[in-house]
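Read the numbers this way: they start at 1 and go in the same order the structure lists the ligands and their atoms. Here the structure is a predicted model, which means the values were calculated and not measured. Atom set for the values below is all heavy atoms of this structure, side chains included, hydrogens, waters and symmetry mates excluded.
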Amino acid sequence: MKILIVEDEPSLRELIQHALEKERYVVEVADSYATGMLKLEDYDYDCILLDIMLPDGDGLSLLENVKRMGKKECVIIISAKDSLEDKVSGLDLGADDYLAKPFHMAELSARVKSVIRRHHYNGTACIDIGNVKIFTDTYQVQVEGKVLELNKKEYDILVYFANRPGRLVDKSTLAESVWGDHIDQVDNFDFVYAQIKNLRKKLTAGGASVEIKAIYKFGYKLVVE
Ligand code: CA
């Protein structure tokens, strides 16, 4: 899961970034309206944390743009003003949640978890796919009740596919989501291939009824047998 933080205050931005990285999210940051817009034009995220008062623009109009672009990110507004008006406008524009500053990192992380769960996992903490269960609270994967040991990247890749069963995914989109936005600068995606190869091996050995199929020259898709 990849999160974009749009926040101009450096200390708060770093605090949030570290807190979310500890929760195993891939975190990207933007310190202004303009940077946020550029990032959102080029990349997709699972969740956006959006400050309203930015030095060069209004977070609410950034939110409007996100919705106009047809993007699917869930959005949590983080605002210094605990104003009912901002809260209502934000929710009206399609924000999923609103958190007034100052807030405790534990609360932010609980809200992020809950919004992502609602948005991506149909409200539960467990993704069921074929005979595989992914427990997103504990990062545990089970095949018919037996634990499948995966490393962090293998787990993230599996969750990515489990949220998009049957959908063709190209290597660069997958890499951006699991490794971060910078990954589109690399010369080749052999590291993606290596992780997927290991994940496929583990799924097969564990008796999983799901398979990540390679689609020649394009990428991969997850199929349930
Ligand atoms: Ca601000």
Side-chain angles (χ1 to χ4, degrees), residues 1-121 123 136-137 156 159-160 163 173 175-185:
M1 289 281 149
K2 186 170 66 166
I3 297 177
L4 175 66
I5 306 169
V6 185
E7 167 63 66
D8 60 304
E9 197 201 306
S11 56
L12 177 60
R13 193 174 60 237
E14 278 160 31
L15 201 63
I16 298 175
Q17 178 173 10
H18 290 145
L20 293 177
E21 280 173 351
K22 268 210 306 221
E23 305 271 329
R24 304 188 24 160
Y25 296 104
V26 173
V27 181
E28 300 289 341
V29 295
D31 60 0
S32 65
Y33 181 96
T35 320
M37 273 312 297
L38 282 177
K39 284 251 186 212
L40 285 156
E41 279 161 11
D42 283 351
Y43 304 105
D44 292 322
Y45 302 92
D46 297 293
C47 183
I48 305 167
L49 300 181
L50 183 60
D51 181 25
I52 290 190
M53 284 187 282
L54 296 163
D56 56 342
D58 182 347
L60 289 177
S61 66
L62 197 146
L63 172 60
E64 245 176 322
N65 281 322
V66 166
K67 296 296 171 186
R68 202 174 298 137
M69 286 152 78
K71 294 180 72 84
K72 302 275 184 280
E73 281 88 347
C74 45
V75 177
I76 301 176
I77 290 174
I78 45 176
S79 174
K81 287 194 290 182
D82 190 9
S83 110
L84 184 63
E85 199 187 320
D86 277 354
K87 187 170 180 173
V88 170
S89 326
L91 297 173
D92 260 356
L93 289 170
D96 298 271
D97 205 351
Y98 184 101
L99 198 53
K101 296 174 191 170
F103 47 77
H104 198 282
M105 286 306 132
E107 176 164 22
L108 177 75
S109 122
R111 300 276 192 112
V112 168
K113 198 183 267 183
S114 138
V115 158
I116 285 181
R117 195 185 277 176
R118 247 180 9 235
H119 208 78
H120 299 280
Y121 309 149
T136 59
D137 277 353
D156 289 348
V159 169
Y160 185 86
N163 282 321
T173 307
E176 279 165 24
S177 178
V178 172
W179 277 267
D181 293 347
H182 64 281
I183 216 74
D184 59 0
Q185 312 295 322

Side-chain touch Val178/Val26, heavy atoms, less than 4.5 angstrom: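 They are not in contact (no side-chain heavy atoms under 4.5 Å apart), so the answer is no.
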
For residues Asp181 and Lys2, determine if any side-chain heavy atom of one lies less than 4.5 Å from a side-chain heavy atom of the other.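 Answer yes - side chains close enough.
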
Name whichever N, O or S atom of Asp51 ends up nearest to the Ca ion (ligand 1).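 Considering only N, O and S atoms, Asp51 comes nearest to the Ca ion (ligand 1) through OD2.
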
Looking only at N, O or S atoms in Asp8, which is nearest to the Ca ion (ligand 1)?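 Nearest N/O/S atom of Asp8: OD1.
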
Can you tell me if Arg24 uses its side chain to pair, donor with acceptor, with the backbone of Met1 under 3.5 Å?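 Absent.
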
Are Glu9 and Arg13 close enough for a salt bridge, meaning some N to O gap below 4.0 Å?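 Judged by the 4.0 Å cut-off on N to carboxylate O distance, Glu9 and Arg13 do not form a salt bridge.
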
Taking N, O or S atoms only and a limit of 3.0 Å, check whether Glu7 reaches the Ca ion (ligand 1).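 For Glu7, the answer is no, given that no N, O or S atom comes within less than 3.0 Å of the Ca ion (ligand 1).
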
